[in-house]
Visitor: 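Structure incoming, see below.
Sequential numbering from 1 along the given sequence is applied to the chain's residues.
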Amino acid sequence: YILLDDKVLENPNTGEEKRGEAGIGSGDSAIKLYPKGTKFDNYRQEETPNFEGVSDFEASLIHEFAHRVGMGTDFEARWKSKFGWKDSNKQEKNAGGSNILFETTQPERCVSDYAKVSPSEDICESVVAVLRKPESLDPEKLQFIRDELLGDNQPLSVITEQREGGGVELPKIDSVN
């Protein structure tokens, strides 16, 4: 399920406001979107023009669903090998205060600064680009995702629209924790 949560949390990788999470590894299969991930501002506008015209909301949904891409397969291992990812031996912390676990020898091929955090974030940001702004993605990454995930090598159409009018009233529920 998808949970729209009103909590404002800090991203442990960047120190910035968190957009969402996929619940992987926590026993929770929900896709959670936090306030920043529900906005209609340009996605990652503070760091790159690559997603101009793509809202935080649609990109955050795609990004979080993409964390489930290739689960249980060797997709991420092949991505790491092909695009220069390796475990980091550095004893450094990132901007959010957590340990730097990965580094890439090809940071210029990452579609956003956030994609440089880890291979899984690189994959997720790249999937957003494939579906919303394919021209902004490194051509080899674009082809890899098309070959490995889309199967028929055809671009996948994702249709989203923002409607004018009154807000949606969502029911309030007590904390699930």
Side-chain angles (χ1 to χ4, degrees), residues 2 11-25 31-33 36-37 39-90 92 94-96 98-160:
I2 299 170
N11 184 311
N13 295 307
T14 64
E16 299 170 346
E17 187 178 338
K18 196 174 201 177
R19 286 177 170 85
E21 63 184 81
I24 295 173
I31 300 291
K32 296 178 183 174
L33 292 184
K36 187 171 179 97
K39 305 249 185 270
F40 286 92
D41 299 333
N42 284 331
Y43 184 64
R44 303 238 182 258
Q45 66 186 353
E46 62 279 357
E47 66 180 70
T48 181
N50 286 339
F51 297 109
E52 188 174 335
V54 181
S55 74
D56 269 316
F57 180 71
E58 64 185 318
S60 295
L61 271 177
I62 293 168
H63 177 108
E64 298 309 333
F65 274 112
H67 274 294
R68 300 178 183 283
V69 169
M71 284 180 64
T73 72
D74 66 346
F75 178 82
E76 187 171 326
R78 288 182 289 125
W79 183 274
K80 286 169 71 170
S81 174
K82 186 165 186 69
F83 299 112
W85 283 98
K86 61 183 181 175
D87 294 340
S88 178
N89 296 324
K90 297 177 181 176
E92 296 177 23
N94 58 32
S98 60
N99 293 329
I100 295 174
L101 301 176
F102 299 98
E103 54 190 321
T104 180
T105 58
Q106 304 171 23
E108 71 283 354
R109 298 178 85 178
C110 293
V111 71
S112 69
D113 288 343
Y114 194 63
K116 298 172 190 173
V117 166
S118 70
S120 68
E121 300 301 352
D122 188 20
I123 291 167
C124 293
E125 292 290 274
S126 296
V127 169
V128 173
V130 168
L131 297 178
R132 306 313 288 147
K133 289 287 198 170
E135 68 279 2
S136 70
L137 188 60
D138 174 87
E140 201 170 347
K141 286 184 175 183
L142 177 64
Q143 195 60 49
F144 187 85
I145 290 173
R146 284 183 172 166
D147 290 346
E148 299 291 325
L149 298 180
L150 300 181
D152 62 2
N153 202 15
Q154 296 300 312
L156 182 63
S157 177
V158 176
I159 300 169
T160 60

Visitor: Can you tell me if E125 uses its side chain to pair, donor with acceptor, with the backbone of S112 under 3.5 Å?
Guide: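 Such a contact is absent between E125 side chain and S112 backbone.
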Visitor: Nearest 0.5 Å please: distance from the NE2 atom of H63 over to the CG atom of L33.
Guide: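 With rounding to 0.5 Å, NE2 (H63) is 10.5 Å from CG (L33).
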Visitor: So, for P134 and R146, which heavy atoms are closest and what is the spacing to 0.1 Å?
Guide: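 Looks like CB-NH2, 4.2 Å.
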Visitor: Spell out, as yes or no, whether a donor-acceptor pair under 3.5 Å connects the side chain of E47 to the backbone of R44.
Guide: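 No, E47 side chain to R44 backbone: no donor-acceptor pair under 3.5 Å.
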Visitor: Nearest 0.5 Å, what's the CG-CZ distance between N50 and R132?
Guide: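 With rounding to 0.5 Å, CG (N50) is 15.0 Å from CZ (R132).
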Visitor: Residues in ring pair (Phe, Tyr, Trp, His ring centres under 6.0 Å) with F102, at least two apart?
Guide: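 Not a single residue meets the ring pair (Phe, Tyr, Trp, His ring centres under 6.0 Å) criterion with F102.
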Visitor: Would you call the rings of F75 and F144 parallel, tilted or perpendicular, where under 30° means parallel and over 60° means perpendicular?
Guide: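 It falls in the tilted class, 30° to 60°.
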Visitor: May I ask you to decide if Q45's main-chain N or O and N42's side chain share a donor-acceptor pair within less than 3.5 Å?
Guide: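 Judged by distance alone, no pair lies under 3.5 Å.
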Visitor: Looking at S55 and K39, what are the two nearest heavy atoms and their distance?
Guide: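 The pair with the smallest heavy-atom distance is CB-O, 4.0 Å.
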Visitor: Name all residues meeting the side-chain contact (heavy atoms from CB on, under 4.5 Å) criterion together with I100; count only those two or more places apart in sequence or in a different chain, and write none if there are none.
Guide: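 In terms of side-chain contact (heavy atoms from CB on, under 4.5 Å), with neighbours along the sequence ignored, I100 is linked to S88, E92, N94.
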Visitor: As a quick check of understanding, evaluate side chain to side chain contact (heavy atoms under 4.5 Å, CB included) for F51 and D56, giving each step before the final call.
Guide: CA-CA 9 Å; F51 297 109; D56 269 316; over 6 Å; no
Visitor: State the CG-CG distance between L149 and L131, to the nearest 0.5 angstrom.
Guide: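 Atom-to-atom, L149:CG and L131:CG are 9.5 Å apart.
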Visitor: Considering all heavy atoms of both residues, which atom of G37 and which atom of S60 are nearest to each other, and what is their separation?
Guide: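 Nearest heavy atoms, G37 then S60: CA-OG, 3.6 Å.
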Visitor: Applying side-chain contact (heavy atoms from CB on, under 4.5 Å), name anything that partners S120, two or more places apart in sequence or on another chain.
Guide: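 Here the qualifying residues are H67, E76, S118.
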Visitor: Any carboxylate oxygen within less than 4.0 angstrom of a Lys/Arg side-chain nitrogen, looking at K82 and E140?
Guide: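 So K82 pairs with E140 through a salt bridge.
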Visitor: Shortest non-hydrogen contact from D122 to A115?
Guide: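 For D122 and A115, the tightest heavy-atom pair comes out as CB-O, 3.3 Å.
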Visitor: Using modelled atom types and a 3.5 Å cut-off, is there a donor and acceptor pairing between side-chain atoms of S98 and backbone atoms of P12?
Guide: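 The answer is yes, because a donor-acceptor pair under 3.5 Å joins these two groups.
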Visitor: State which residues pass side chain to side chain donor-acceptor pair (under 3.5 Å) with K36; sequence neighbours excluded, sorted by chain then number.
Guide: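 Side chain to side chain donor-acceptor pair (under 3.5 Å) check on K36 returns nothing, list empty.
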Visitor: State, to 0.1 Å, how close N11 and N13 come at their nearest heavy-atom pair, and which atoms those are.
Guide: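 For N11 and N13, the tightest heavy-atom pair comes out as OD1-N, 2.7 Å.
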Visitor: Is the number of heavy atoms from other residues, nucleotides or ligands within 6.0 Å of CD (E52) greater than 12?
Guide: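 It does not: E52 CD has 12 such atoms or fewer within range.
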Visitor: The test is side chain to side chain contact (heavy atoms under 4.5 Å, CB included); show your working for K80 and K86 and say whether it passes.
Guide: CA-CA 7 Å; K80 286 169 71 170; K86 61 183 181 175; over 6 Å; no
Visitor: Walk me through it: do F83 and T104 pass the test side chain to side chain contact (heavy atoms under 4.5 Å, CB included)?
Guide: CA-CA 7 Å; F83 299 112; T104 180; 5.7 Å; no
Visitor: Working to the nearest 0.5 Å, report the span between CD of E46 and CD of E16.
Guide: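 If we round to the nearest 0.5 Å, E46:CD and E16:CD are 5.5 Å apart.
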Visitor: Give me the atom names and distance for the closest heavy-atom approach of S126 to V111.
Guide: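 Shortest heavy-atom contact: N-CG1, 4.3 Å.
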Visitor: Got a sec, which residues hit side-chain contact (heavy atoms from CB on, under 4.5 Å) with A59, two or more places apart in sequence or on another chain?
Guide: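 Expected list: Y43, V54, V128.
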Visitor: Quick one: OH on Y114 to OG1 on T14, what's the gap to the nearest 0.5 Å?
Guide: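 Output value for this atom pair is 6.5 Å.
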Visitor: Can you check whether R109's main-chain N or O pairs, donor with acceptor, with K141's side chain at less than 3.5 Å?
Guide: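 Side chain of K141 to backbone of R109, a donor-acceptor pair under 3.5 Å: yes, one is there.
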Visitor: Would you say the side chain of V127 lies within less than 4.5 Å of the side chain of I62, judging by non-hydrogen atoms?
Guide: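 Side chain of I62 against side chain of V127, heavy atoms only: contact under 4.5 Å found.
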Visitor: Measuring from K32:NZ to I2:CD1, what's the distance to the nearest 0.5 Å?
Guide: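 The NZ atom of K32 sits 13.5 Å away from the CD1 atom of I2.
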Visitor: Can you tell me which residue pairs pass the ring-ring contact (aromatic ring centres under 6.0 Å, His included) test with a partner in residues 118-140, sequence neighbours excluded?
Guide: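 Checked against ring-ring contact (aromatic ring centres under 6.0 Å, His included) - neighbours excluded - no pair reaches residues 118-140.
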